[in-house]
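Just passing along the structure, written as structure tokens.
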Amino acid sequence: MANPTQALRLPSLALTLRRIQPVLRPSATSTHHHNHNHYALISPPSRRPLHTSPRSHRKPLAHNKEPVPDQPPQTDFESMDVLGNTPVPATAVTTCLDDGFVLDSGLRIDGGAGALLVGGEAFAWKPWGEGRKLVNGKGQWEVGEQGFGVLGVVWPRPDLLILGLGKEMRPISPATRRAISALGMRVEVLDTRNAAAQFNLLATERGVMDVAAALIPLGWVDGKGVVGEES
């Protein structure tokens with residue numbers, strides 16, 4: 001007895017075979033009067049290549065209907081001023097003198113005094129004693145805690161103190177560094193011209209509450225002070 005499952009599958013297989021058989025039609029040589037089984041295979045229609053007209057080489061247009069340039073425009077870096085619209089603080093240093101400084105507000109600190117710029121205010125600064133000494137025996141720039149007394153009463157206290165040591169650069173003493181660190185401030189040491197420029201930049205960028213400067217006049221000579229200095 002045949003397997004009923006096979007009996008059900010055979011017709012579906014036969015239908016599948018009929019689907020894949022080539023379609024035949026009588027050949028031109030066959031007639032109705034002849035009982036010849038002449039059949040010809042129907043071949044699929046040939047696919048001819050499509051001939052398209054060449055595209056015109058036109059440049060793409062931007063959204064405003066203007067031609068897109070081949071290269072991006074050149075960037076003028078000199079015209080890029082990130083802080084151009086930021087007002088310069090009144091305590092920015094415009095001129096470094098041998099015996100003092102001129103600020104953007106027009107205030108002039110002279111008579112051989114240094115400048116202490118903190119919290120948007122300017123103070124005449126004389127951290128030296130009677131001997132007009134700022135360099136210790138090891139060649140280090142040294143100012144005691146009393147030299148930074150104003151910074152101790154300012155609140156909120158600036159995060160950074162920029163020191164300008166005059167025309168010459170030298171290391172600061174460990175005692176001076178500890179005195180500044182005790183105030184919770186970092187210190188950056190430069191000559192006075194570069195210190196003033198750095199203060200102007202950072203005070204404009206970050207604000208006068210975050211940056212302070214302590215500057216010695218350019219004409220300072222250790223042990224002598226500045227010519228024309230007021231006692």
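Keep in mind the model is a prediction, meaning the values are calculated, not measured. The residues of the chain are indexed from 1 along the displayed sequence.
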Starting from the C-alpha separation in whole Å, work towards a yes-or-no answer on side-chain contact (heavy atoms from CB on, under 4.5 Å) for Leu107 and Phe101. CA-CA 8 Å; Leu107 178 67; Phe101 303 89; over 6 Å; no

Given salt bridge (charged side-chain N to carboxylate O under 4.0 Å, His left out), test Arg193 with Asp191 step by step and report yes or no. CA-CA 6 Å; Arg193 290 187 189 277; Asp191 63 89; over 6 Å; no

Check each of Thr192, Leu97, Asp99 against Leu218 using the side-chain contact (heavy atoms from CB on, under 4.5 Å) test, and report the only one that passes.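 Going through the options one by one, the only one that passes is Thr192.
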
Any Lys/Arg nitrogen of Asp159 or Arg186 sitting under 4.0 Å from an Asp/Glu carboxylate oxygen of the other?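 Between Arg186 and Asp159 there is a salt bridge, with a charged N closer than 4.0 Å to a carboxylate O.
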
Rounded to the nearest 0.5 Å, what separates atom CG in Leu165 from atom CG in Asn194?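 Answer for the CG-CG pair, Leu165 versus Asn194, is 11.5 Å.
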
Please check: side-chain N/O of Thr176 versus main-chain N/O of Ile172, any donor-acceptor pairing under 3.5 Å?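 Pair absent, no side-chain N/O of Thr176 close to backbone of Ile172.
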
Looking only at non-hydrogen atoms, find the nearest pair between Leu161 and Leu151 and report the distance.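 Result for this residue pair: CD2-CD1, 4.0 Å.
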
Minimal non-hydrogen separation, Thr204 against Pro89, with atom names: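 Thr204 and Pro89 have their closest heavy atoms at OG1-CD, 3.3 Å.
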
Decide side-chain contact (heavy atoms from CB on, under 4.5 Å) for Leu202 and Ile162; before the verdict, give the C-alpha distance in whole Å, the side-chain angles of both, and the deciding distance to 0.1 Å. CA-CA 10 Å; Leu202 295 181; Ile162 301 174; 4.1 Å; yes

Can you tell me if Trp220 uses its side chain to pair, donor with acceptor, with the backbone of Ala113 under 3.5 Å?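 No, Trp220 side chain to Ala113 backbone: no donor-acceptor pair under 3.5 Å.
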
Going through the checks in order, is the side-chain contact (heavy atoms from CB on, under 4.5 Å) test met by Trp128 and Ile216? CA-CA 10 Å; Trp128 50 84; Ile216 299 297; 4.0 Å; yes

Minimum heavy-atom distance between Val226 and Pro217, given as atom pair plus value: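 Distance-wise, the nearest heavy atoms are CG2-CB, 4.2 Å.
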
Within one Ile-Leu-Val-Met-Phe-Trp-Tyr cluster: Val189 and Val143, side-chain cutoff 4.5 Å: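 Yes, Val189 connects to Val143 through the hydrophobic network.
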
Checking Arg157 side chain against Gly152 main chain: does a donor-acceptor pair fall under 3.5 Å?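 Pair found, side chain donor or acceptor close to backbone of Gly152.
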
Start with the C-alpha gap between Gln198 and Glu188, add the side-chain angles, then the distance that decides, and say whether side-chain contact (heavy atoms from CB on, under 4.5 Å) holds. CA-CA 10 Å; Gln198 183 75 335; Glu188 183 174 351; 3.3 Å; yes

Quick check: is Met185 connected to Phe199 through a chain of hydrophobic side chains (ILVMFWY, heavy atoms under 4.5 Å apart)?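 Per the 4.5 Å side-chain linkage, Phe199 and Met185 are not co-clustered.
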
Using modelled atom types and a 3.5 Å cut-off, is there a donor and acceptor pairing between side-chain atoms of Asp110 and backbone atoms of Gly100?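 Judged by distance alone, no pair lies under 3.5 Å.
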
Same cluster or not: Val154 versus Leu116, using hydrophobic residues (I, L, V, M, F, W, Y) connected whenever any side-chain heavy atoms lie under 4.5 Å apart?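 Shared cluster, yes.
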
Counting N and O atoms only, with roles assigned by atom type, does the side chain of Thr94 sit under 3.5 Å from a partner on the main chain of Val102, one being a donor and the other an acceptor?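 At least one qualifying donor-acceptor pair exists.
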
Gln140 side chain to Ser173 side chain, donor-acceptor N/O pair below 3.5 angstrom: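 Result is no, nothing qualifies.
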
Give me the atom names and distance for the closest heavy-atom approach of Leu103 to Ala90.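 The pair with the smallest heavy-atom distance is CB-O, 3.8 Å.
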
Least distance between heavy atoms, Ile109 atom then Ala122 atom: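 Closest heavy-atom pair between Ile109 and Ala122: CD1-CB, 4.4 Å.
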
Is there a side-chain contact between Leu163 and Leu190 in this structure, where contact means two heavy atoms from C-beta onward sitting under 4.5 Å apart?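 No - every pair of side-chain heavy atoms lies 4.5 Å or more apart.
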
Using every non-hydrogen atom in the two residues, find where Gly119 and Met209 come nearest and quote the distance to one decimal.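 The answer is CA-SD, 3.8 Å.
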
Does any N or O in the side chain of Asn136 come within less than 3.5 Å of the main-chain N or O of Gly139, such that one atom is a donor and the other an acceptor?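 Pair found, side chain donor or acceptor close to backbone of Gly139.
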
hydrophobic_cluster_shared for Met169 and Val221, side chain cutoff 4.5 Å: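 Different hydrophobic clusters.
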
Less than 4.0 Å between a side-chain N and a carboxylate O, is that true for Arg132 and Glu130?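 Arg132 and Glu130: not salt-bridged.
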
Hydrophobic clustering (ILVMFWY, side-chain heavy atoms < 4.5 Å, transitive) - are Val187 and Leu160 grouped together?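 Result: no, two separate clusters.
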
Donor-acceptor contact present, side-chain Thr91 to main-chain Leu117, <3.5 Å: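 Such a contact is absent between Thr91 side chain and Leu117 backbone.
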
